[in-house]
Amino acid sequence: MDEKELQQGRRGFVKKTTALLSAAVLAAPSAKAISLTNPGRESGDARYIGQEGKRFGMVMDLRKCVGCQACTSACKSENRVPKEKFRTYVPEYELGSYPNVHKAFLPQLCNHCAEPSCVSVCPTGATFARKDGIVVVDSEVCWGCGYCINACPYDKRYFNPITNVADKCTLCAHRVDHGLLPACVESCVGGARVFGDFNDPHSAVSKLLSSFPTTVLKPASGTKPRVFYIALSGEIQSLPYSPKVLDDMARKIDGIATHEWSGKGE
Amino acid sequence: MDFGTLLHTINSITPDRPWGIDIPNYFWFTGSSAAAFIISSFAHVFGMKEYKPIAGFSLLLAFVLLVAAPMNLIDDLRQPGRIINFFFYGWENFPTSPMKWGVLLLIAYPLLILVEALVLYRPYFWFSKGIVRSQEQIEKDHHLGVILGAIGIPLALSVHGYTGYILGAVHAIPLFHTPLMPILFLASAMVSGTGLLIILLPIFQKFFTDFKRVDMEMMQRLARLLAWFIVIDLVIRFFWLTFAITFNGEEKYALKLFFGENFWEVLIVDYVICLFVPMIIGFTNYFVRSFKWVLFAGVLSAIGVWIFRWNTVIGGQSIGKTTPFLLEYHPHFTGFDSILSVLSNWSLLIALIALVMVLFPWDKEMANYYVKHEER
C-alpha cells in the first residue's frame, strides 16, 4: 500500500467514524434531537405548547362544595391515577372547639401557578408551563429526582409508580385541547368547580373573579396560584401546622404506618 | 389562638416525600470531600507546613469521596437510566435550579482533584520508572499544584455549598428554607471531613506504611482543628435556630413543632453528644493527648454530621405541608434508596479508597516527613 492509498484509507476511516458517532449522538435520547430545553416544545408539539393567548385556571366556589369526592373519583378514572395517589382530593376539616364546631371542605388540585416553584427547580426541564399556563410534566424526559415534589408548597405532586416519574394534575389538558372541560369540573355535582380562560373577560371564571372576593392557598409562598377560592375559611387558607389529630388515627386504622413515609400516628 | 385546637382534618392523603436515606449520605460524602480538600490545601496553597504530611493523603480522600458521592444520587433517581437527560435538557432552568449546577460542579471538581494529585505524585511515578525529575521541573510542578489548589478551593466550597443551596431554595419546606443552609452545610462538612481524617489517618499510618507508627502530634492538631470547626458550626446553627424559631413568620410554628417533637434526636444526640463532646475533647489537654479520646472525638463528630444531614433532609420532609403534624420515615432494607443501597455505597467507597491508595504512592510521600534520611 503506497502512501496515497494509506491516506485515503485513513480519511475513509475518519469519515465513517464521524458519521457513525454523529448518528449515535443524534439517536441517543430516544431518537430526539438534542435540545437544551424540552424536546417536545422545541419540536412544536401542540400538546406541549398549549393554546396561545389563553390563561387557564379554576375558581372554586366553596359555598357549593358538599365534599362528595365526585371530582376525586372522576379524576382518578379519567387520568388513570394509580392506587393511593391523587391529583385532586377534598379533605374535610372540623373547625372550632366543641360544642361550637362546623365542617369545611377544601377541594385541592395543582394550582398551575404563574410562578411555579416546581418548574424553576426542575434540572431536566421535564416540568414546564405551557403557553396557556397549564403546568405539565414530560414523562419521557423526567428522571425522577423528586425536586419538584419537594418544591411544591401544596403537595400536589407524586411519583407515579407506573411511569416512575413525577406526576401531577394537567387540568385535563388532553380534554381542554379538544374543547372539553376537565373531568373534575364536569363531574362536580354542586357546580363548585368552575374552569375557564382568565384572559377572556366574558369567561365564567373572569366573571366570578370580578363579582366575588377571592383568595388563594398559601399566598405567602409567592407562587401566584391560578386556582381561586370563594368563601375560603381563614383558618385553613394557609394550611397551618397543627398537632396530631384525626388524620393520624385514621392512618393507624388504615394501617398506613407500614409505608416508607407515613403519618406519625399515635 | 392555637390553631391546633380549632382545626382537625378528617380525611386527607399521605403526601409523597421523595428524598430518602441516600440523600443524607450523598451530602455527607460531598461535604467530607470538600473538607478533606480544604485541609490538603492548608499545605498546598496556604503553605502551612504542619499539614504537609497529610496533604497528599487528604487530597486522595477528597477525590474518592467525590467519585463515590454521585452514586447515591443515581440510586435515589426513579429513572436512573435517564441520567443523560440531566446533561441534555433543562438548561433554561440553570439560574433557578441549584441541582442543575451539579452538572458542571460534579464533573469539574473531581477532575481537578485528579489532575492535582497526578501533578503532586508525578515525581514519585517517574522515580519508580527510574527517572529523576530536575529541581526546575519539581518547582514547576509545585507552582502548578498551587494554582490547581487555588482554583480547587472555591470549587470545593461550591460543590458542597450547592448541595446546601438545593435544600435552601425549597421554600415549601420550613426547615430547608434558609439562606444559611449552604454555610451551615459547609461548616458541618468541615467537622465530618476532619473527623473522617482522624479515623482513617491512624489506620493507614499504622498498617499501610513502612514506618508503621501513628503521628500523634498530627492527631492532636486535627483534634484541635476539629474543635474549632465545631465552634464555627455551632455559632452558625445558633444564628440559624435563634433567628428562624424566634423571628420567622409562619415557618416558626413548623420549626417549633419539629424541634419540640424531635428534641432528643436533634438537640441531645446531634448537638450535645456529637458536637459538644468532641469539642471538649479537642480543647482539653488531658483528652487531646490520648489517642483513644481523639479517635473517639473523630468518630463522634463524623457520625454526628451524618445525623445532622439525616435530621435536616428527612426531618425537613417530615413537616406537613398540607397534612397536620409530622410524617414518619422508615427506610426499606433492600431495593433502590434503601439501607442496603447506602451500605453498598459505603462498600464502594472503601473499595475505591483501597484502589486509589494502592495506585498512588502516598506512603512514600508521607514517609518523607516521618523517616530520617539515615533510616531510609
Side-chain angles (χ1 to χ4, degrees), chain A residues 28-29 34-39 86 89 91-97 108 117 120-126 141-147 149-155 157-159 164-165 220-221 235-236 238-248 250-251 256-257 259-264, chain B residues 3-20 73 76-80 82-86 88-93 96-100 102-103 166 169-173 249-250 253-254 257 261 317-332:
Chain A
I34 298 165
S35 82
L36 293 181
T37 59
N38 183 285
F86 297 87
Y89 68 103
E92 210 172 313
Y93 295 92
E94 200 170 77
L95 300 174
S97 302
Q108 294 172 40
S117 45
S120 56
V121 299
C122 178
T124 59
V141 171
C142 175
W143 68 336
C145 69
Y147 205 2
I149 297 178
N150 267 345
C152 174
Y154 307 100
D155 271 339
R157 291 174 154 265
Y158 59 93
F159 272 129
N164 257 331
V165 291
S221 68
E235 286 104 315
I236 53 176
S238 51
L239 304 159
Y241 315 100
S242 50
K244 46 188 136 187
V245 278
L246 303 173
D247 252 10
D248 302 320
R251 281 200 192 95
I256 294 178
H259 286 197
E260 204 163 283
W261 281 96
S262 62
K264 211 170 180 176
Chain B
F3 274 124
T5 57
L6 283 171
L7 178 84
H8 295 281
T9 323
I10 294 167
N11 69 59
S12 64
I13 57 165
T14 301
D16 264 20
R17 290 290 185 268
W19 297 336
L73 278 189
D76 178 71
L77 294 176
R78 297 295 167 107
Q79 291 278 3
R82 291 190 186 168
I83 193 130
I84 202 84
N85 290 6
F86 191 41
F88 282 166
Y89 307 130
W91 286 96
E92 62 202 314
N93 292 343
T96 53
S97 177
M99 203 181 272
K100 191 83 194 165
V103 178
I166 288 179
V170 178
H171 62 73
I173 295 180
E250 185 189 273
Y253 299 107
L257 181 71
E261 194 63 25
Q317 292 178 96
S318 77
I319 297 170
K321 294 191 251 179
T322 52
T323 46
F325 206 61
L326 303 171
L327 298 176
E328 210 171 283
Y329 173 67
H330 308 275
H332 287 306

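Throughout, protein chains are lettered first and strands after them, A, B, ... in sequence-line order, and every chain is numbered starting at 1.
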Exercise for review: Verify side chain to side chain contact (heavy atoms under 4.5 Å, CB included) between B/Arg82 and A/Val141, making sure each step is shown before the conclusion.
Suggested key: CA-CA 8 Å; B/Arg82 291 190 186 168; A/Val141 171; 5.9 Å; no
Check your understanding: Which heavy-atom pair separates A/Cys122 from B/Ser97 by the least distance, and what is that distance?
Key -> C-OG, 3.8 Å
**Study point:** Exercise: identify the closest heavy-atom pair between B/Asp76 and A/Cys145
**Key:** OD2-O, 3.9 Å
Check your understanding: Are the side chain of B/Lys100 and the backbone N or O of A/Val121 linked by a donor-acceptor pair below 3.5 Å?
Key -> no
Exercise for review: Considering non-hydrogen atoms only, spot the tightest contact between B/Arg78 and A/Asn164 and give its length.
Suggested key: CB-O, 3.2 Å
Practice item. Just jot down the side-chain hydrogen bond (donor to acceptor under 3.5 Å, both in side chains) partners of B/Arg17, sequence neighbours excluded, or say none. Key: A/Asp155
Practice item. Evaluate the side-chain proximity of B/Phe88 to A/Thr124: yes if any heavy-atom separation is below 4.5 Å, no if none is. Key: no
Check your understanding: Which bit of A/Tyr89 comes within less than 4.5 Å of chain B, counting heavy atoms only: side chain, backbone, both or neither?
Key -> side chain
Review point. Is the number of heavy atoms from other residues, nucleotides or ligands under 6.0 Å of A/Phe86 CZ greater than 12?
Key: yes
Check your understanding: With sequence neighbours excluded, what pairs up with B/Phe86 under the ring-ring contact (aromatic ring centres under 6.0 Å, His included) test?
Key -> A/Trp143
Point to revise | Residue pair B/Asp16 / A/Arg157, side-chain heavy-atom distance below 4.5 Å | key: no
Check your understanding: Counting heavy-atom pairs under 4.5 Å to chain B, which of A/Tyr158, A/Tyr154, A/Phe159 comes out on top?
Key -> A/Phe159
Point to revise | B/Leu73, part contacting chain A, at a heavy-atom distance under 4.5 Å | key: neither
Point to revise | Taking every non-hydrogen atom, the tightest pair across A/Pro153 and B/His171 | key: CG-CE1, 3.9 Å
Review point. Just by distance, do the side chain of B/Asn93 and the backbone of A/Pro123 share a donor-acceptor pair under 3.5 Å?
Key: no
Study note, to complete from the structure: For A/Gly146 and B/Trp19 the tightest heavy-atom approach is C-NE1, 4.0 Å
Check your understanding: Any side-chain heavy atom of A/Asn150 within less than 4.5 Å of one from B/Pro18?
Key -> yes
Point to revise | Closest approach of A/Gln108 to B/Thr322 (non-hydrogen atoms, all atoms of both residues) | key: OE1-CG2, 4.0 Å
